[in-house]
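On a predicted model such as this, the values are computed, not experimentally measured, just so you know. Counting begins at 1 with the first residue of the sequence.
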Amino acid sequence: MSHLTFFIELPPYLAQWYRHRCGGADPILPVRTSYESNIIEEFITKRPADMAPQIAPKPGEVAIAIPSFRGRPPEYYNYMPPKALDLLRESIKVDFEIDMWKCFHRFSNMDKQLKGLIYAFMEKHGIEDTETNYLAISKAYQRKRECYQKQQQRNLEKANQEKP
């Protein structure tokens with residue numbers, strides 16, 4: 001079945017993770033009732049008359065199939081405004097970070113084996129085994145872990161201040 005699509009720019013690891021999460025199809029068909037699907041349903045609109053449809057992805061973009069929503073057939077509702085694309089991109093990124101955190105945080109005391117853990121995570125989630133993808137995921141986890149540790153430290157300091 002041929003789908004009408006729109007395109008969104010995503011880093012390679014994120015595009016591969018999202019494609020795998022949605023079943024591996026190209027174009028990516030968002031999971032029905034997912035947050036991303038809800039964003040599309042809410043913000044997909046009719047294409048402005050003076051704007052030609054984009055036929056193929058630009059470098060770094062992936063195709064997202066437009067689901068058919070009640071009262072919003074993709075033949076007419078096939079344009080995602082820039083702010084809606086930003087929201088969708090951020091939603092995909094947050095979902096990835098949650099998935100990554102759930103996996104990696106379980107093994108947080110095994111820093112020496114983090115490289116193997118990241119590569120196993122990549123394999124499990126359909127992310128191409130490249131150094132670029134590894135470094136991007138490693139950096140993302142490092143940032144999340146630092147935020148988590150700072151919050152834990154603040155909580156500890158606050159608890160110590162509240163003690164009589």
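N78 places a side-chain N or O within 3.5 Å of a backbone atom of P74 that can act as its donor or acceptor partner. A donor-acceptor pair under 3.5 Å links the side-chain atoms of R89 to the main chain of E9, judged by distance alone. When atom types are taken as modelled, the side chain of E128 and the backbone of T130 share no donor-acceptor pair closer than 3.5 angstrom.
Both I40 and Y76 are members of a single hydrophobic cluster when ILVMFWY side chains are connected at heavy-atom separations under 4.5 Å. Neither I98 nor Y13 shares a network with the other; the hydrophobic side chains, linked directly or stepwise wherever heavy atoms of I, L, V, M, F, W or Y lie under 4.5 Å apart, form separate groups for each.
Residues V62 and I28 have side chains in contact (heavy-atom distance under 4.5 Å, counting atoms from C-beta outward). Residues Y134 and M122 form a side-chain contact, since some pair of their non-hydrogen atoms from C-beta on lies under 4.5 Å apart. The side-chain heavy atoms of Y79 and M51, taken from C-beta on, include a pair separated by under 4.5 Å. Side-chain contact check for P27 versus I64: every heavy-atom pair is 4.5 Å or farther apart. Taking 4.5 Å as the limit, every side-chain heavy atom of V94 sits out of range of all side-chain heavy atoms of Y35. Proximity of N155 to Q152: side-chain heavy atoms (C-beta onward) are separated by under 4.5 Å at one or more points. Residues K83 and P81 are not in side-chain contact: their nearest non-hydrogen atoms beyond the backbone lie 4.5 Å or more apart.
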May I have the step-by-step check of ring-ring contact (aromatic ring centres under 6.0 Å, His included) for Y148 and H105, ending in yes or no?
CA-CA 10 Å; Y148 175 77; H105 192 63; 4.7 Å; yes
Y77 vs I66, side chain to side chain contact (heavy atoms under 4.5 Å, CB included): CA-CA, chis, key distance, verdict:
CA-CA 9 Å; Y77 293 84; I66 302 169; over 6 Å; no
Would F104 and D99 count as a side chain to side chain contact (heavy atoms under 4.5 Å, CB included) here? Give the steps.
CA-CA 9 Å; F104 294 174; D99 199 15; over 6 Å; no
Take F6 and L85, measure what side chain to side chain contact (heavy atoms under 4.5 Å, CB included) needs, and give me the verdict at the end.
CA-CA 10 Å; F6 63 88; L85 286 174; 3.7 Å; yes
Checking side chain to side chain contact (heavy atoms under 4.5 Å, CB included) for the pair Y141/L117: CA distance, chi angles, key distance, verdict?
CA-CA 11 Å; Y141 177 62; L117 183 61; over 6 Å; no
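Note on ring orientation: taking the six-membered ring where Trp is involved, the planes of F121 and H125 are tilted (angle from 30° to 60°). Ring orientation note: the planes of W17 and F96 are nearly perpendicular, at an angle over 60° on the 30°/60° scale.
Across every non-hydrogen atom of A84 and M80, the tightest pair is CB-CE, 3.7 Å. Across A65 and L29, no two heavy atoms sit closer than the pair CB-CD1, 3.8 Å. Minimum interatomic distance between R32 and S68 (heavy atoms only, all atoms of both residues): NH2-O, 3.0 Å. Considering all non-hydrogen atoms of both residues, T33 and N38 come closest at O-ND2, 3.7 Å. Of all the heavy atoms in S37 and F69, the pair that sits closest is O-CZ, 3.7 Å. Here the shortest heavy-atom pairing between P30 and Y18 reads CB-OH, 3.6 Å.
Of the inter-residue distances, the one linking N133 atom CG with I127 atom CD1 reads 6.5 Å to the nearest 0.5 angstrom. For the atom pair SG (C22) and CD1 (I92), the distance works out to 7.5 Å, reported to the nearest 0.5 Å. In this structure, CZ in R19 is found 9.5 Å from CG in L10, a value given to the nearest 0.5 Å. Here S138 contributes atom OG and L114 contributes atom CG; the two are 5.5 Å apart, rounded to the nearest 0.5 Å.
No more than 12 heavy atoms of other residues, nucleotides or ligands sit less than 6.0 Å from atom CD of E123.
Side-chain contact check for Q151 and R154: at least one donor-acceptor pair (N or O, by modelled atom type) lies under 3.5 Å. Donor-acceptor pairing under 3.5 Å is recorded for the side chains of Q153 and E157.
A cation-pi contact, defined as under 6.0 Å to the ring centre and within 45° of the axis, is absent between K58 and F7.
A salt bridge is absent between R72 and E41: the closest approach of a Lys/Arg side-chain nitrogen to an acidic carboxylate oxygen does not fall below 4.0 angstrom. Using a 4.0 Å cut-off between a side-chain N of Lys or Arg and a carboxylate O of Asp or Glu, K102 and E97 do not qualify as a salt bridge. A salt bridge links R21 with D95: the distance from a Lys NZ or Arg NE/NH1/NH2 to an Asp or Glu carboxylate oxygen falls below 4.0 Å.
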